[in-house]
Amino acid sequence: MTYSIALNFEDGVTRFIDCKVGEKVLDAAFRQRINLPMDCSDGVCGTCKCRCETGAYDLGDDYIEDALSEDEAGERQVLTCQMVPQSDCVIAVPVPSGACKTGTAQFAATVASITRHADAALEVSFELDQAPVFLPGQYVNIGVPDSGQTRAYSFSSRPGDKRASFLIKHVPGGLMSGWLERAQPGDAVPMTGPL
Ligand code: FES
């Protein structure tokens, strides 16, 4: 059994890691090639301090007050080198993703279907190379082919489904709307996120 831990970085990037039962967040992240801030990894320096926004966890009992005060612990601040999740958690990491040697996930996406809803909106589904995991309200950047530009859209499908859908406003003369008028099933677009 594993818990799903969302790491929300300061630059808006979210990465998801699996954390085994009894595993510390810092170790789980490192195992999945994300180098969270750390120095001592012993509960002494406080370098790994983050804030757990949602979820249940054990703070660990092997840290000193200088690293995490009682008040900080009361505000759900945690030391990732000691914290052991007891449920899925969302953790705010106070540094940009690049500082942790990670960044947005890249998806290879191909158009699966385009459904026009009157003149106002297009429902577009893409087949992705990997199932996206995301938090409610998060979005991805979708590249508009041959333009070098991206547009941001929130998912209208559920997390974990390789067929991802988006409700895209139809803007006459718009860059994405114009491309979608010509697009065919199987056309490829770059997609990055979630943010
Ligand atoms: Fe030093 Fe966690 S890395 S307290």
Taking ring pair (Phe, Tyr, Trp, His ring centres under 6.0 Å) as the test, write out the residues that go with Phe134, two or more places apart.
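Phe134 satisfies ring pair (Phe, Tyr, Trp, His ring centres under 6.0 Å) with Phe155 once adjacent residues are dropped.
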Side chain to side chain donor-acceptor pair (under 3.5 Å) partners of residues 176-195, not counting sequence neighbours, each pair once
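Checked against side chain to side chain donor-acceptor pair (under 3.5 Å) - neighbours excluded - the pairs reaching residues 176-195 are His170-Glu181.
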Per the side chain to side chain donor-acceptor pair (under 3.5 Å) rule, what does the pair list look like for residues 79-97, sequence neighbours excluded?
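Those involving residues 79-97 are Asp11-Ser97.
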With sequence neighbours excluded, residues passing side-chain contact (heavy atoms from CB on, under 4.5 Å) with Val133:
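Listed in chain order: Phe16.
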Using the salt bridge (Lys or Arg N to Asp or Glu O under 4.0 Å) criterion, which residues pair with Arg163? Sequence neighbours excluded.
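Once residues adjacent in sequence are excluded, the partners of Arg163 under the salt bridge (Lys or Arg N to Asp or Glu O under 4.0 Å) criterion are Glu127.
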Salt bridge (Lys or Arg N to Asp or Glu O under 4.0 Å) partners for Lys24, two or more places apart
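Listed in chain order: nothing, the list is empty.
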Atom pairs and distances, side-chain donor-acceptor, residues 104-115, under 3.5 Å, sequence neighbours left out:
none

Should we say atom CD of Glu70 is surrounded by more than 12 heavy atoms from elsewhere, each under 6.0 Å from it?
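Open.
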All N/O donor-acceptor pairs, side-chain side in residues 136-146, below 3.5 Å, sequence neighbours left out:
{"unit_1": "Gln138", "atom_1": "OE1", "unit_2": "Leu135", "atom_2": "N", "d": "2.9"}
{"unit_1": "Gln138", "atom_1": "NE2", "unit_2": "Thr14", "atom_2": "OG1", "d": "2.6"}

With sequence neighbours excluded, residues passing side-chain hydrogen bond (donor to acceptor under 3.5 Å, both in side chains) with [X]:
X: Arg31; result: Glu23
X: Asp62; result: none
X: Ser165; result: Ser125
X: Gln32; result: none

Is [Y] close to [X] at the side-chain level, that is, under 4.5 Å between some pair of heavy atoms?
X: Met176; Y: Tyr153; result: yes
X: Cys50; Y: Pro94; result: yes
X: Val21; Y: Tyr3; result: yes

If every non-hydrogen atom of Arg51 is compared with every non-hydrogen atom of Val78, which pair is closest and at what distance?
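Minimum heavy-atom contact is N-CG2, 4.5 Å.
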